[in-house]
Asks: 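Below is a structure I'd like to ask you about.
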Amino acid sequence: MSASAPLHRLTAAAFAAHAADQLVFAALPLLAVLLGHGPGVVGVLVGVQSSAWLLVSLPAGRWADRLATRALVLRALMLSLAGLAVGAASAGVEAVAMTALSGFAVAGAAAAVAIATVAAVPRLAPPPLARANARVELARAAASLGAPLCAGLLVGLDARLPFAAAAAVILLVTPAASRLPDDDARPVGHAAPSTGLRDAAASIWSEARLRAVACCAVAWNFGFFALAGVFVPLAAARGLSSATIGAVLSGYGAGLILGALAAPRVLARAAPGAVLVFGPASSILGAALIAAAPQAVALAAGQFLLGLGPMLWMVARTGLLQSVTRPDQRGQVAAVMQVSVFGVRPLGALAGAALSAAGGIEATLALALAAFTASLVVILASPAGALRRAPAQ
């Protein structure tokens, strides 16, 4: 077995879990709109699916530091399959609540695989880690690019097809995931040397750069999911079809892919601090385009910017986390970071839905712009924004 084979298998699992999550994430708002629901219901559906990142991440962090990567990844993929089966069955009878529960299970599986990946990459790849992290993010970006377009086309044919397509992807990569190494395992029930999640949270708060990127990500994700909850109703109100909306949303995935492809070279040449500033700055421009321009091309350009800068930011942030965190604590630190980063998603979606219902979609767009601006200010005011080179591992 080649030295890179385990990383390839982990990357395939990360792709499958993220593809399933993104297919369901794109399909649920389209299904709701086609059934006649408005921004409020769409925001609730997005919030329910996103809440899995809040509820699953912390236990997944403990599992990542105690179980073999293979065991955790396989269990997550099986959870995703179960959720997709529920989603396909409930979509066929227009049971919106059960479909939302399906999204929760699929997102929870994606959260667990994401944490396992952050913890395992330093064991499976030699430093510098930017290339390995970018490879994993590239696979996830490819899923983000294809999922909205596929969801838009599949929903128009049959409401169950997005769930069936996601299940097929999971089944295709499960044999590769079953061959991940298990020599990185801790015996089940054996406590990690760290004192747990409280210690991991203290490590983040005491490290000024990690604290800054965590606060930046909280603000950014709040704004992004406030925007995501109203984007499909906004695009539909501007006369776009479901297929066109799917194509516009794929601009986000295109930005992610370009960012992942460029990340190793960008981080080899640019200061990490500059990359951490560029992420929220590009998001402000993207949100402004979405708010101001009604054309599909401009909306796609805004989505592209929301993918490009944050992808570069994510690769820089992951490398920073892996470099300054103890190996026995990476899973739990990644879990706490993931809660701070992704756990705020349902709050943003629900806040955006409530504000849209009270003051219109324009008010939610203003909220998203304010949140992106706050994320930029946090980085500019911190040592992370002045970081000239990646810390030694």
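Just so you know, these numbers use all the heavy atoms, side chains as well, and skip hydrogens, waters and symmetry mates. If you read the sequence from its start, that first residue is 1, and numbering goes on from there.
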Asks: Can you name the residues that form a side-chain hydrogen bond (donor to acceptor under 3.5 Å, both in side chains) with S283, not counting sequence neighbours?
Replies: W220
Asks: Could you walk me through whether L10 and L124 pass the side-chain contact (heavy atoms from CB on, under 4.5 Å) check?
Replies: CA-CA 9 Å; L10 182 64; L124 302 179; 3.9 Å; yes
Asks: Who clusters with I115? Use side-chain heavy atoms, under 4.5 angstrom, across I, L, V, M, F, W and Y, and order the result by chain and number.
Replies: none
Asks: Hey, are R9 and S178 close enough side-chain-wise for a donor-acceptor pair under 3.5 Å?
Replies: no
Asks: If every non-hydrogen atom of V48 is compared with every non-hydrogen atom of F104, which pair is closest and at what distance?
Replies: O-CD1, 3.4 Å
Asks: Would you mind reporting whether V213 and L320 have side-chain heavy atoms less than 4.5 Å apart?
Replies: yes
Asks: For a 4.5 angstrom cut-off between non-hydrogen side-chain atoms, does P162 reach C150?
Replies: no
Asks: Considering only distance and modelled atom types, tabulate donor-acceptor pairs under 3.5 Å from the side chains of residues 311-318, sequence neighbours left out.
Replies:
{"from": "W313", "atom 1": "NE1", "to": "L276", "atom 2": "O", "distance (Å)": "3.3"}
{"from": "T318", "atom 1": "OG1", "to": "M314", "atom 2": "O", "distance (Å)": "2.9"}

Asks: Any idea which heavy atoms bring H18 and A143 closest together, and the distance?
Replies: CD2-CB, 3.9 Å
Asks: Do the two ring centres, one from F372 and one from F222, sit under 6.0 Å apart?
Replies: no
Asks: Where do A288 and L369 come nearest, in terms of heavy atoms and distance?
Replies: N-CD2, 3.8 Å
Asks: For the residue pair Q332 and D199, confirm or rule out a side-chain donor-acceptor distance under 3.5 Å.
Replies: no
Asks: Between the side chain of T325 and the main-chain N/O of Q322, is any donor-acceptor distance below 3.5 Å?
Replies: no
Asks: So do F225 and L347 actually touch side chain to side chain, heavy atoms under 4.5 Å?
Replies: no
Asks: Mind listing the closest non-hydrogen atom pair of A296 and V248 along with its distance?
Replies: O-CG2, 3.8 Å
Asks: Which heavy atom of F231 sits nearest a heavy atom of I290, and at what distance?
Replies: CE1-CG2, 3.9 Å
